[in-house]
Amino acid sequence: MKKRWVLGLMVGLVMLASLTACGTLGSLSDTGDAFMSALSTGDHAASYQMLHPDIQTEVGGEAGWAEWAAIRNFESWKFDSTSFENSTGELLGTAELDGVTYDVSLYFEEINDAWIITGINFE
């Protein structure tokens with residue numbers, strides 16, 4: 001009887017850990033999709049708010065970001081790989097613009113239960 005109880009407890013803990021991980025992966029993917037959608041529609045204010053303050057400074061504030069993002073209104077995108085460890089995450093995939101396919105890498109840090117973009121790479 002004791003073995004069943006311990007086994008049941010262990011299975012419950014594993015299930016809880018997997019649900020937590022799925023929730024984290026989901027919110028990371030949701031943030032990436034929201035960011036790419038904001039780029040796609042030209043909503044520079046929304047995409048700018050998803051950036052880490054260091055990136056906001058690096059691009060020259062909201063005006064600099066709008067200039068950088070203006071030519072990156074991707075028509076479609078798909079993330080093939082999602083990973084996270086502790087409070088950092090990464091989305092890898094592809095995006096299409098004017099018939100050209102680009103590799104996309106988005107890097108994140110979780111701050112106050114929200115994923116904030118700390119790095120962007122389109123190749």
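Since the structure is predicted, the reported quantities are computational estimates derived from the model, not experimental observations. Only this structure's heavy atoms are used, side chains among them; waters, hydrogens and symmetry mates stay out.
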What pairs with Asp54 under side-chain contact (heavy atoms from CB on, under 4.5 Å), at least two apart in sequence or on another chain?
-> His52
Listed partners of Ser87 passing side-chain contact (heavy atoms from CB on, under 4.5 Å), at least two apart | Glu110
In terms of hydrophobic clustering (I, L, V, M, F, W, Y; side-chain heavy atoms under 4.5 Å; direct or indirect links), are Leu106 and Val59 co-clustered?
-> yes
Which donor-acceptor pairs under 3.5 Å do side chains of residues 97-104 form with protein atoms, sequence neighbours excluded?
none

With a 4.5 Å limit on heavy-atom distance, are the side chains of Leu39 and Phe122 in contact?
-> yes
Flag the pair Leu91 / Phe108 as yes when at least one side-chain heavy-atom distance between them is below 4.5 Å, and no otherwise.
-> yes
Any idea which heavy atoms bring [X] and [Y] closest together, and the distance?
X      : Y      : answer
Leu28  : Ser83  : CD2-O, 3.6 Å
Tyr107 : Ile120 : CD1-N, 4.4 Å
Ala95  : Phe74  : CB-CD2, 3.5 Å

Distance, nearest 0.5 Å, that separates CG of Asn121 from OG of Ser105 | 5.0 Å
dist Phe35:CZ -> Ile117:CD1 (nearest 0.5 Å) comes out at 4.0 Å
Partners meeting salt bridge (Lys or Arg N to Asp or Glu O under 4.0 Å) with Asp113 (sequence neighbours left out) = none
Do any pairs count as a side-chain hydrogen bond (donor to acceptor under 3.5 Å, both in side chains) and have a residue in residues 33-44, sequence neighbours left out, and if so which ones?
-> Asp33-Trp77
Qualifying side-chain hydrogen bond (donor to acceptor under 3.5 Å, both in side chains) pairs, either residue in residues 60-75, two or more places apart = Ser47-Trp65
Who else is in Ile116's hydrophobic cluster (ILVMFWY, side-chain heavy atoms under 4.5 Å, direct or via others)?
-> Ile111
